[in-house]
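Each remark here refers to the structure printed beneath this line.
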Number of protein chains: 2
Amino acid sequence: MPYDPSAFPPFAVTVDLVVLTVRRDALCALVVRRGEQPYQGRWALPGGFVRADEDLTAAAARELAEETGLCVHDRHSPAPGSSPTGAHLEQLATYGDPKRDPRMRVVSVAHLALAPDLPAPRAGGDANQARWAPVGLLLGKEADAHGEDQSGQLAFDHTQILADGVERARSKIEYSSLATAFCPPEFTVGELRRVYEAVWGVALDPRNFHRKVTGTPGFLVPTGGTTTRQGGRPAQLFRAGGATLLNPPMLRPEV
Amino acid sequence: MPYDPSAFPPFAVTVDLVVLTVRRDALCALVVRRGEQPYQGRWALPGGFVRADEDLTAAAARELAEETGLCVHDRHSPAPGSSPTGAHLEQLATYGDPKRDPRMRVVSVAHLALAPDLPAPRAGGDANQARWAPVGLLLGKEADAHGEDQSGQLAFDHTQILADGVERARSKIEYSSLATAFCPPEFTVGELRRVYEAVWGVALDPRNFHRKVTGTPGFLVPTGGTTTRQGGRPAQLFRAGGATLLNPPMLRPEV
DNA sequence: GCAAAAGTGTTTTTGCTACACCCATGC
DNA sequence: GCATGGGTGTAGCAAAAACACTTTTGC
């Protein structure tokens, strides 16, 4: 049977981004205000159409750069002249409910990006508003208690996508060195611990945490420098080591 | 800016299936012989186009039923009148390299299915050949040593998709009860252990394994029956319990 | 009896928790 | 001095590894 272009229906393919960071000890996600219908005025995840000759990962990296100025940073071979701050980027999942976009059939390949704390989100090419919002508010775990300005749910199925992305990040920092993607290039053990505490929403024992991360070979590499930016006794500075898998994993306390 | 259909390029969207089972103590994947160009005559993963009004998961379930006769089995609310053997189905990842299909731009949403040992694959609607092949051969870990009839690599990027699916299965049985999806409705602890050994390719201590799985609350439920189908002393029969998460996880030995 | 697989008991070792305690800075 | 966060030592406990041993079938 020869190739027949009428044998399959055409789809629009987009990428949506769950961009997470830790700001003021809270896990935050990047959201943009929609300027057009549908869901005009509602907050949504950043994203856009995949171009005709563009790989999915490339489309996600392009959208990430457009929205945040971040360049994707391959943690194994950091490009020497790359942007000041790198980010982790990975595919999350694909959402293709026939009714998820009222205009047409859109399949969205969601990606998860983890970034260090950034100065402030810059407006996208469309001059959309953009901001960091605590995921606790966006996911409505405690929204009722505050009477917030969140304009309710995110657009489309983005609340579900965000929840899936947050869950991925929460579980993946257990057994990988991914939490270092939330930190600046050099960081202290205490700063890394506060990342875990913000992402998991729990308190960890500083002493045991220190022993665990410094005792795992290849996880952290001391740079030799120290800092007192957190106050108290000077703390050693570290870079992320080559090890990407944590074995045994970091244990997330029961909630 | 109003909606402009010319603003985005059209894509074809397909689902591809990594269907795994354990046969004769080996992890096997379902492959079909391609009857048309490109890659005519090569083995490939089963799959097909997503229909215009079909959810991605529904498309994967339809393809799975067409190729194997398996119905997807929701392990939490098994349909009373459903097919004799159920299967686990979940989304794996999405593959969208612009050059992955020479004919046109195709984005494939790969799914992972786990099934108990089946009699024999039946031919698909297109009367294609279908067979179970050990993943060790398909992934070429030891292909050279045998001079096999595998006709080399799988079509398209299916070798990569298969590798990703196998890796997902290997890691997910560590911390979930997914391994029971490879077993018949009633099974012994020894049969479950042989599933782990086949998927991981390692030998496990039968005594410690027994203690571990029977000691995890909610994982296994004794049915009261026994069997000697494996020889030796009669073994208790179990069904999969309600627990889907294993905590603490099953530990995969170092290789 | 013998082989084979199921199942239990016991010791060793590993790694996490909890908490006492000391260190080095800013103020 | 005192507060703050950084870092080490150690006892107790939970669970995994390793392995001896008994049980119940088929032949």
Side-chain angles (χ1 to χ4, degrees), chain A residues 24-25 173-175 183-184 186-198 200 202-239 243 245-255, chain B residues 24-25 173-175 183 186-198 200 202-238 243 245-255:
Chain A
R24 281 177 268 115
D25 291 332
I173 64 174
E174 285 186 46
Y175 57 89
C183 296
E186 298 200 350
F187 53 89
T188 69
V189 171
E191 287 163 353
L192 183 61
R193 176 172 48 80
R194 277 180 279 276
V195 164
Y196 275 91
E197 292 178 328
W200 285 344
V202 298
L204 299 175
D205 185 305
R207 289 84 52 108
N208 293 335
F209 183 88
H210 187 279
R211 212 192 327 267
K212 173 78 181 172
V213 296
T214 56
T216 300
F219 185 19
L220 296 184
V221 182
T223 66
T226 60
T227 182
T228 57
R229 62 188 174 217
Q230 300 291 338
R233 166 177 167 181
Q236 269 190 282
L237 285 168
F238 295 87
R239 284 183 296 102
L245 253 36
L246 243 52
N247 199 298
M250 184 83 58
L251 290 188
R252 168 157 44 159
E254 310 287 324
V255 188
Chain B
R24 281 176 268 116
D25 291 332
I173 64 173
E174 285 186 48
Y175 57 90
C183 296
E186 298 199 350
F187 53 89
T188 70
V189 173
E191 287 162 353
L192 183 62
R193 176 173 47 81
R194 277 180 280 276
V195 164
Y196 275 92
E197 292 178 329
W200 284 344
V202 297
L204 300 175
D205 185 303
R207 290 87 49 113
N208 292 335
F209 183 88
H210 187 280
R211 214 192 326 271
K212 173 80 181 171
V213 295
T214 56
T216 300
F219 185 18
L220 297 183
V221 181
T223 66
T226 61
T227 183
T228 58
R229 62 187 174 219
Q230 301 291 339
R233 166 176 168 181
Q236 271 189 281
L237 284 168
F238 295 87
L245 253 36
L246 244 54
N247 201 299
M250 185 82 60
L251 291 187
R252 166 157 45 159
E254 310 288 324
V255 186

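Within every chain, numbering begins at 1; the chains are lettered A, B, ... in the order of the sequence lines, protein sequences first and strands thereafter.
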What is the distance, to the nearest angstrom, from the CG atom on A:Asn208 to the C1' atom on D:dG6? 14 Å
5' priority, DNA chain D, between B:Leu251 and B:Asp205 [closest heavy atom]: B:Leu251
With heavy-atom distances below 4.5 Å as the criterion, would you say the side chains of A:Phe209 and A:Met250 are in contact? yes
Closest heavy-atom pair, A:Trp200 versus A:Leu251, reported as atoms and distance to 0.1 Å, is CZ3-O, 3.8 Å
Validation row: A:Asn247, B:Arg252 side chains within 4.5 angstrom (heavy atoms): no
What's B:Arg193 touching, base or sugar-phosphate or nothing? Going by heavy atoms closer than 4.0 Å. sugar-phosphate
Roughly, in whole Å, what's the span from NE2 in B:His210 to P in D:dA17? 17 Å
B:Arg24, CZ atom: more than 12 neighbouring heavy atoms under 6.0 Å: no
For B:Arg233 and D:dT23, what is the distance between atoms CZ and C1' respectively, to the nearest whole Å? 4 Å
Residue set satisfying salt bridge (Lys or Arg N to Asp or Glu O under 4.0 Å) with B:Arg194, at least two apart, ordered chain then number -> none
Check whether any side-chain heavy atom of B:Leu220 lies under 4.5 Å from a side-chain heavy atom of B:Val189, and answer yes or no. yes
Assign each of A:Thr228 and A:Arg207 the nucleotide of DNA chain C bearing its closest heavy atom; nearer the 5' end lies the nucleotide of A:Arg207
I'd like to check B:Thr226 versus B:Thr228 (side-chain heavy atoms, cut-off strictly below 4.5 Å). Are they in contact? no
Of A:Pro234 and A:Lys212, whose closest DNA chain C nucleotide lies nearer the 5' terminus? A:Lys212
Nearest whole Å is fine: how far is D:dG6 P from A:Leu237 CG? 11 Å
What's B:Pro206 touching, base or sugar-phosphate or nothing? Going by heavy atoms closer than 4.0 Å. nothing
Taking the side chain of A:Arg211 as its heavy atoms from C-beta onward, which of D:dG6, D:dT24, D:dG9 lies nearest to it? D:dG9
Can you tell me how far P of D:dG5 sits from CG of A:Leu192, to the nearest Å? 17 Å
Nucleotides bounding contact with chain B, strand DNA chain C, heavy-atom threshold 4.0 Å: C:dA4 to C:dT10
